[in-house]
Amino acid sequence: MLSLRAPPRTLSPSPWRRRGRLDGFAAPRCVSAAPPATTLETATARPAGVSFPILVNGCTGKMGVSVAEAATSRGLHLVPVSFSSRENLDKTIQIGDIDVEIYGPSAREDVLSSVIDEFPDVIVVDYTAPNSVNSNAELYCKLGVPFVMGTTGGDQQLLYKSVQDSNNYALISPQMGKQVVAFLAAMETIAEQFPGAFSGYRLEVLESHQAGKLDTSGTAKAVIACFEKLGAVFDMDRMVKIRDPEQQLYMVGVPEEHIEGHAFHLYHLTSPDDSVSFEFQHNVCGRSIYAEGSVDAAVFLYKKVQSMDPKRIYNMIDVLQEGDMR
Ligand SMILES: NC(=O)C1=CN([C@@H]2O[C@H](COP(=O)(O)OP(=O)(O)OC[C@H]3O[C@@H](n4cnc5c(N)ncnc54)[C@H](O)[C@@H]3O)[C@@H](O)[C@H]2O)C=CC1
Ligand SMILES: O=C(O)C1=N[C@H](C(=O)O)C[C@H](O)C1
């Protein structure tokens with residue numbers, strides 16, 4: 001969403017605070033209710049087209065569960081194994097009628113090797129934690145198992161290097177939601193075509209996520225990189241990160257039922273002479289768009305592996321461009 005306001009001659013450095021409640025940051029009316037769950041009926045109405053084994057790493061977490069559920073609804077074969085950062089968890093997670101067994105770090109290499117022996121065409125989808133991104137990717141690359149990395153954070157340069165050096169297949173994206181991916185693609189295109197068009201503009205960024213989110217929004221970082229190519233000036237230390245539920249409710253305008261799962265982003269640009277401003281927002285409630293996008297990503301990567309595509313590293317813009325997002 002883009003809004004061009006009247007020349008903001010008196011714009012304060014913090015336009016969201018100036019307004020008290022973030023009127024430019026209000027919850028989208030259409031998502032204030034929980035998104036409809038995927039039912040057997042909708043799942044059968046939308047056949048996956050392909051079926052293959054999928055292992056979701058991080059089934060102890062919220063995204064892991066959502067992706068595992070979306071995968072089974074789409075007819076993929078959920079491997080009943082996942083991992084945890086904790087030893088001796090002795091736990092299973094129920095996904096539909098499948099009991100997913102959770103293994104600790106010391107067992108993960110042996111267990112994953114056995115999974116690959118049993119399911120040679122398995123695709124791993126990773127939704128764990130920022131501090132596990134690189135060690136998990138190292139393991140997938142060592143064992144040569146193709147993976148979708150939905151987890152944000154970690155050392156992204158090292159992540160790409162691990163995949164490049166191993167020649168493994170991977171799809172890496174901080175954002176799996178189709179419409180947000182399209183927005184990101186548009187930003188990348190504008191940045192590519194009109195570098196410097198926003199030269200000297202000041203950028204302010206606000207992101208609000210559930211309190212449990214450990215890192216800064218990976219999506220915001222990707223969008224900021226585009227604004228920087230366009231010439232905008234941004235100081236990462238001035239990113240406004242909101243994790244406090246009270247502020248989310250009363251200042252940001254997140255619907256109460258989505259305090260535990262939302263991703264609101266606001267980017268505000270102001271010209272050097274304060275005469276022009278732009279605002280972009282993307283506000284997501286719940287996790288279903290990421291879960292569906294993650295399954296699209298796994299299907300896409302599976303097809304690339306099966307066709308032995310020479311390109312090894314993909315992102316969600318590739319999936320969108322090939323028309324593979326539902
Ligand atoms: N790419 C995208 O579109 C999206 C990315 N994310 C990212 O996904 C990640 C997870 O998000 P949530 O599920 O909301 O977090 P969460 O905290 O609910 O779940 C993460 C789970 O991973 C477990 N975990 C940590 N280290 C692990 C390891 N080494 N092996 C196995 N499990 C491990 C944790 O114990 C926890 O249960 C975050 O980095 C988040 O930014 C979230 C939503 C969308
Ligand atoms: O942790 C989340 O929830 C999300 N993480 C991703 C990110 O860091 O960009 C995507 C979305 O913002 C939800």
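Indexing begins at 1, ligand by ligand and atom by atom, following the structure's order. The residues of the chain are indexed from 1 along the displayed sequence.
Backbone and side-chain nitrogen or oxygen atoms of N131 are examined, and none is located within less than 3.5 angstrom of a nitrogen or oxygen of ligand 1. Here's the thing with A129: none of its N/O atoms is less than 3.5 angstrom from an N/O atom of ligand 1. Of the polar atoms of K62, at least one N or O is found under 3.5 Å from an N or O of ligand 1, judged by distance alone. When only interatomic distances are considered, the shortest N/O to N/O separation between G177 and ligand 1 does not fall below 3.5 Å. For ligand 1, the polar-atom distance check finds no N/O of G64 at less than 3.5 Å from any of the ligand's N/O atoms. At under 3.5 Å, not a single nitrogen or oxygen of G58, backbone or side chain, sits near a nitrogen or oxygen of ligand 1. Residue M63 has at least one N or O atom closer than 3.5 Å to an N or O atom of ligand 1.
Contact annotation for K213 and ligand 1: only side-chain heavy atoms (C-beta onward) come within less than 4.0 Å of the ligand. Proximity of T219 to ligand 1, defined as any heavy-atom pair under 4.0 Å, is not found for any part of the residue. When heavy-atom distances to ligand 1 are checked against a 4.0 Å cut-off, S294 has no atom that comes that close, whether in backbone or side chain.
Judged by distance alone, the side chains of H209 and E207 do bring a donor and an acceptor atom under 3.5 Å apart. A side-chain donor from one of E87 and S106 sits under 3.5 Å from a side-chain acceptor of the other. With hydrogens and angles left out, the side-chain atoms of D309 and S307 include no donor and acceptor closer than 3.5 Å. A donor-acceptor contact closer than 3.5 angstrom is absent between the side chains of H77 and S51. Between the side chains of S294 and Y127, at least one donor N or O sits under 3.5 Å from an acceptor N or O.
Interface of M176 with ligand 1, defined as ligand atoms under 4.0 Å from a residue heavy atom, comprises 1 (N), 2 (C), 3 (O).
Contact residues of ligand 2 (protein heavy atom closer than 4.0 angstrom to a ligand atom; sorted by chain and number): T152, P174, Q175, H209, Q210, K213, S217, G218, T219, A263, H265, Y290.
Residues V125 and V67 have side chains in contact (heavy-atom distance under 4.5 Å, counting atoms from C-beta outward). Looking at N134 and L159, their side chains come closer than 4.5 Å, going by heavy atoms from C-beta outward.
Once rounded to the nearest 0.5 Å, the distance linking CG of L184 with OG1 of T219 reads 7.5 Å.
Within the 4.0 Å heavy-atom shell around ligand 1 one does not find G212. By the 4.0 Å heavy-atom criterion, S173 is counted among the residues contacting ligand 1.
The closest non-hydrogen atom to atom 39 (O) of ligand 1, taken over V65, T128, T152, comes from T152. Considering only non-hydrogen atoms, atom 1 (N) of ligand 1 lies nearest to G150 out of A297, S135, G150.
Relative ring orientation between F183 and H282 is described as tilted, the plane-to-plane angle lying within the 30° to 60° band. Taking the six-membered ring where the residue is Trp, F278 and F280 present parallel rings, their angle staying beneath 30° rather than reaching 60°. Relative orientation of the Y267 and H265 rings is parallel, given thresholds of 30° and 60° on the angle between their planes.
Taking T60 as the reference, nothing meets the side-chain hydrogen bond (donor to acceptor under 3.5 Å, both in side chains) condition, with sequence neighbours excluded.
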